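To start, the structure itself, in structure tokens.
In listed order, ligands and their atoms are each counted from 1. All figures in this text were calculated on a predicted structure; none of them were measured in a lab.
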Amino acid sequence: MIRNFDDVFKFAKERGPKTIAIACAQDAEVLNAIDEANKIGIADAILVGDKKKIQEIAKENKIEIEKYEIIDIQDLSEASLKAVELVSTGKAHIVMKGLVDTSIILKAVLNKEIGLRSGNVLSHVAVFDVLGYDRLFFVTDAAMNIAPDLNTKKQIIENAAIVAHSLDIEKPKVAAICAKEKVNPKMPATVEAAELERMSKDGEISGCVVGGPFALDNAVSVEAAKHKGIDHPVAGYADILLVPTIEAGNVLYKSMVYFSGSKNAGIIVGAKAPIVLTSRADSEETKLNSIALSVLMAAKQS
Ligand SMILES: CCCC(=O)OP(=O)(O)O
């Protein structure tokens, strides 16, 4: 079982290298991250984007850019489509978002002719290595699904469970996070959380154990759960934190990055191949962690 990012890198070295097609690669953090991933032997890259800018950034950052194939496309949508096409035609295993809006790259991923649709719901999974915990947390969905309905939440959970499986966590515990741990008909998220637990018990959700509703404290802290008198196999032991809406997820994501200094990674799953997708403001380290995570996902999917 993989418990932290050191383990993620250890296993990515064993299960990689994988080739990453980077859409709009003219970004210093992205180029430094992919070059580091290449140096440690987990990834190779095809850089799609503004060649002149890519070469300038490489020179400023002392990156030996000759090692990589560059496909010169300046238009962001066209570059995103080309990166996706490289994956759908088998020339690369993973797509990575460079200096481009999430909506543009996702439009390319969903393109009917050359996209990477699989028929499943696509969702974002952020992985956090939090100081003081001996396991990784999976937060979903902080970036894509705005206000998922019950069935979409089920699929978001199953997508996150697949990511956990790629990290050798066989039966992840999923907490459906709400503002409180009791069902309140005035709070629809609590009603749906209880329904997700029921669906899990009845075998309608695969690859994990779901509990809910939980507030964040009793999902991640055994002491908090005991203090509140909650006796449940998921209470205090959650691996996957299913948030009710994108606002809750995005605030949790950015709180963990900016207030707790947690290490993190992010990918989109549910397509035919993993898509590395972090916040534009995330660090080079986060982008490198995300590459390592995507290598494990690609190894699982191939
Ligand atoms: C994974 C977080 C998605 C996000 O908020 O991205 P931006 O900060 O680039 O908007």
Seminar exercise, completed: So for D282 against ligand 1, with non-hydrogen atoms under 4.0 Å, the contacting part is neither
Exercise. Does the side chain of D141 pick up a donor-acceptor pair with the side chain of Y253 at under 3.5 Å?
Worked result: no
Exercise. Does a donor on one side chain and an acceptor on the other come within less than 3.5 Å for Q26 and D50?
Worked result: no
Exercise. What is the closest protein heavy atom to atom 8 (O) of ligand 1, and at what distance does it sit?
Worked result: S279 OG, 2.6 Å
Exercise. Does one side chain, of K18 or S294, offer a donor that lies under 3.5 Å from an acceptor on the other?
Worked result: no
Exercise. Cut-off 3.5 Å, side chains only: do E197 and H232 have a donor facing an acceptor?
Worked result: yes
Exercise. Which ligand 1 atoms are under 4.0 Å away from a heavy-atom of K254?
Worked result: 4 (C), 5 (O), 7 (P), 8 (O)
Problem set entry | Distance filter under 4.0 Å to H124 heavy atoms, resulting ligand 1 atoms | 1 (C)
Problem set entry | Contacting atoms of ligand 1, where contact means under 4.0 angstrom from a heavy atom of A143 | 1 (C), 3 (C)
For this session: Could you list who else is in V222's hydrophobic cluster, with ILVMFWY side chains joined at under 4.5 Å, directly or through other members?
Result: Y237
For this session: Please report which non-hydrogen protein atom sits nearest to atom 10 (O) of ligand 1, along with the residue it belongs to and the distance in Å to one decimal place.
Result: R280 NH2, 2.9 Å
